[in-house]
Protein chains: 2
Amino acid sequence: MTGSVTLHDVARRAGVSLATASRALNGSANRVVGEALRERVLRAAAELRYSPNAHAQAMARRRTRIIGLSLHDIADPYFSAVAAGVMREAETHGLLVTMASTGHRPGAETDYVGAFRRHWATVVIVVGSRTDDRAATDRLAEELAAFEAEGGRAVAVSQPRLPVDTISIDNRAGARDLGHTLHDLGHRRFAVLAGPADLLTAAERVDGFREAVAHRGGRLAPEHVVPGPFTRDGGYAAMQRLLDEEPDVSCVFAVNDVMAVGAMAALRDRGVDLPAGMAVAGFDDIATLRDVSPALTTVRIPLEEIGALAVRLALDEGADRPRLRRVAGEVVVRASTPRLPA
Amino acid sequence: MTGSVTLHDVARRAGVSLATASRALNGSANRVVGEALRERVLRAAAELRYSPNAHAQAMARRRTRIIGLSLHDIADPYFSAVAAGVMREAETHGLLVTMASTGHRPGAETDYVGAFRRHWATVVIVVGSRTDDRAATDRLAEELAAFEAEGGRAVAVSQPRLPVDTISIDNRAGARDLGHTLHDLGHRRFAVLAGPADLLTAAERVDGFREAVAHRGGRLAPEHVVPGPFTRDGGYAAMQRLLDEEPDVSCVFAVNDVMAVGAMAALRDRGVDLPAGMAVAGFDDIATLRDVSPALTTVRIPLEEIGALAVRLALDEGADRPRLRRVAGEVVVRASTPRLPA
DNA sequence: CTGAAAGCGCTTACAG
DNA sequence: CTGAAAGCGCTTACAG
């Protein structure tokens, strides 16, 4: 960068010292600057289009107003909803959000937390399912601990496996409730599009659903639990593979909405009538997908609110950390899972 | 922040000077550090979990590796797609992205560019339609100019009204092409859900569509051009108001996909059969909405690619700036606009 | 190859 | 109320 106007320039133009210029510009806590000088400084700053150097301020103040946010993929509406909540809340506190997408690359979260740490972010928020890779989780935990040891505040939106404040979505209970609801609608023969095998979020949803089916005496054959990517195309492909087996099921649970929509597309492409030919349910209640038809039965997660809560939690000087906040999902029945005629 | 390990600590532990420690850690261009010392420094840094202070580096180097990204709403899939492209390309260049949402607040873009400027961002990208507020545009232009005068590089994704490199989506031509296509499908009586009156992007799409209809001798009555917010709910409400007038039209063009989906919901809620009862077309080709049914006819914009291009443009040391890159949309005909029986 | 020292642009005790 | 000066944690000519 070249040619930027410094506080020095402002002070000189106003005919005051650096200290006075600094105080006039951001009214330092205990100091008051005489009205006349203050005016002169402000005018000089305006005339020069002075903009303070945030790094110099960070150095002198030993802290910043930056939130570091790590997530898996901003184009995924799940993450963009959480990010929107984070950004909304950040703005009300005058904080700037630096965001990094892992693209599901292992180790990326740790790298990014390191980057946020180097930037003296005041808060770091890590959102996304943990995996079954213990070593990776340990490394991330270590980096977060180092960040907090330096005075930063970290919050995870994930399973509670990190040594920081955590917002944990109750995937298991949500999926269980959904399973019970589908049973109540008359369904007994289920299949599950299970998502990636190593993702804890996917595993929890499958487990919860399986529990409900078992508890009510329904049927969920192991070969009808089909793994695959956590994406629209993953849902599409998993549904295709499932259909190839001509399964005797009346209802498919895709472990997130994006996959459920892919599954619906696959069903249609195979000529299955929806919702009569197959009931489909998802998870998350993605806003952008609320108008698919038939409207998708799902488990609503308050994603934006979770993002905002993460910021509030980080900024709240509570004792007894790390704290755990559990967020429950709520089953929303829509047209995609009609009652099964008895 | 407290207790952070500094380069000083590393140097002391390794028994070398600050200069040597610095050189060992990031192999300064022209200097080479002896292998033995280098080893000692790296080991000391690892043992202490040293993480360089990015602000101190920024101060000393007089630049950062930060991209400032301003957009209207990250939860809107249009913007999250662009953001994903920006972040993907940023990562390949080792750049971090700081993002700010304007929430459509007037003046917010200017404020955020100011913030990015204070942070010595190396690149600033402003994405979103300009409005008809000349004064606001002028202030933003001024702030961007100041940013570039200090050595930063700015890129706008918007109408070419800013004195910086610009990626401009050809809304008018896209809407015109869409109008012609719909005419070719047999439609003659149109309505438009026009979006916000002050948004240039909305206005351009309306204008392009109107041109096509006029050119082909179709009908688009002024009272059938209904304004409203650029959102799903905006589309829903606008469609309701349109239906209240019992318009004699066979095809509705919503100026973006999100609105189009809202419009489809409104039509369904009023008992209109889709697509037979009303053809609906949108604009953008939002990925998350590709599975609505009937599948939406739209104008595809390569949003992610535009985000990536913005970064490349900023990093490219081209002459003759500001440069203008026009991006064309491509009409994609799907089931929501069936051919009208003659 | 290695080090002492200046400098990046601010803030903030410490004096006056 | 105002100012001179130290300090934040790095990098990088400049010497050696």
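In what follows, every chain begins at residue 1, and chains take the letters A, B, ... in the order their sequences are listed. Worth knowing before you read on, the calculation uses all heavy atoms, side chains too, and leaves out hydrogens, waters and symmetry mates.
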Enumerate the protein-to-nucleotides 7-11 of chain D contacts in which both atoms are nitrogen or oxygen and the separation is below 3.5 Å.
{"unit_1": "dC8(D)", "atom_1": "O3'", "unit_2": "Arg62(A)", "atom_2": "NH1", "d": "2.3"}
{"unit_1": "dC8(D)", "atom_1": "O2", "unit_2": "Ala60(A)", "atom_2": "N", "d": "3.4"}
{"unit_1": "dG9(D)", "atom_1": "OP1", "unit_2": "Arg62(A)", "atom_2": "NH1", "d": "2.8"}
{"unit_1": "dG9(D)", "atom_1": "OP1", "unit_2": "Arg62(A)", "atom_2": "NH2", "d": "2.9"}
{"unit_1": "dG9(D)", "atom_1": "N2", "unit_2": "Ala56(B)", "atom_2": "O", "d": "3.3"}
{"unit_1": "dC10(D)", "atom_1": "OP1", "unit_2": "Tyr50(B)", "atom_2": "OH", "d": "3.0"}
{"unit_1": "dC10(D)", "atom_1": "OP2", "unit_2": "Leu7(B)", "atom_2": "N", "d": "2.7"}
{"unit_1": "dC10(D)", "atom_1": "O5'", "unit_2": "Tyr50(B)", "atom_2": "OH", "d": "3.1"}
{"unit_1": "dT11(D)", "atom_1": "OP1", "unit_2": "Asn26(B)", "atom_2": "ND2", "d": "2.9"}
{"unit_1": "dT11(D)", "atom_1": "OP1", "unit_2": "Gln57(B)", "atom_2": "NE2", "d": "2.9"}
{"unit_1": "dT11(D)", "atom_1": "OP1", "unit_2": "Arg61(B)", "atom_2": "NH2", "d": "3.1"}
{"unit_1": "dT11(D)", "atom_1": "OP2", "unit_2": "Ser22(B)", "atom_2": "OG", "d": "2.4"}

*Could you state the interatomic distance from CD1 (Ile67(A)) to NE2 (His119(A)), rounded to the nearest 0.5 Å?*
15.0 Å
*Between Gln159(B) and Ser168(B), do the side chains contain an N or O donor and an N or O acceptor separated by less than 3.5 Å?*
no
*Kindly compute the distance separating OG (Ser51(A)) from CZ (Phe116(B)), expressed to the nearest 0.5 Å.*
12.5 Å
*Look at Glu305(A) together with Arg312(A) and state whether they make a salt bridge at an N to O cut-off of under 4.0 Å.*
yes
*asked:* Let me confirm one number: the NE2-CD distance from His104(B) to Glu109(B), rounded to the nearest 0.5 Å.
replied: 9.5 Å
*Quick one: look up who dC1(C) pairs with, Watson-Crick or G-U, both distances under 3.5 Å, and put none if it's unpaired.*
dG16(D)
*Could you give the distance separating dT12(D) and dG16(D) at their C1' atoms, to the nearest angstrom?*
16 Å
*Grab the CZ-C1' distance between Arg12(A) and dT2(D) for me, whole Å please.*
19 Å
*Within less than 4.0 Å of OP1 or OP2 of dG3(C), is there a side-chain N or O belonging to Thr20(B)?*
yes
*Identify the heavy atoms of Ala84(A) and Glu304(A) that sit nearest to each other, and give their distance.*
CB-CD, 3.9 Å
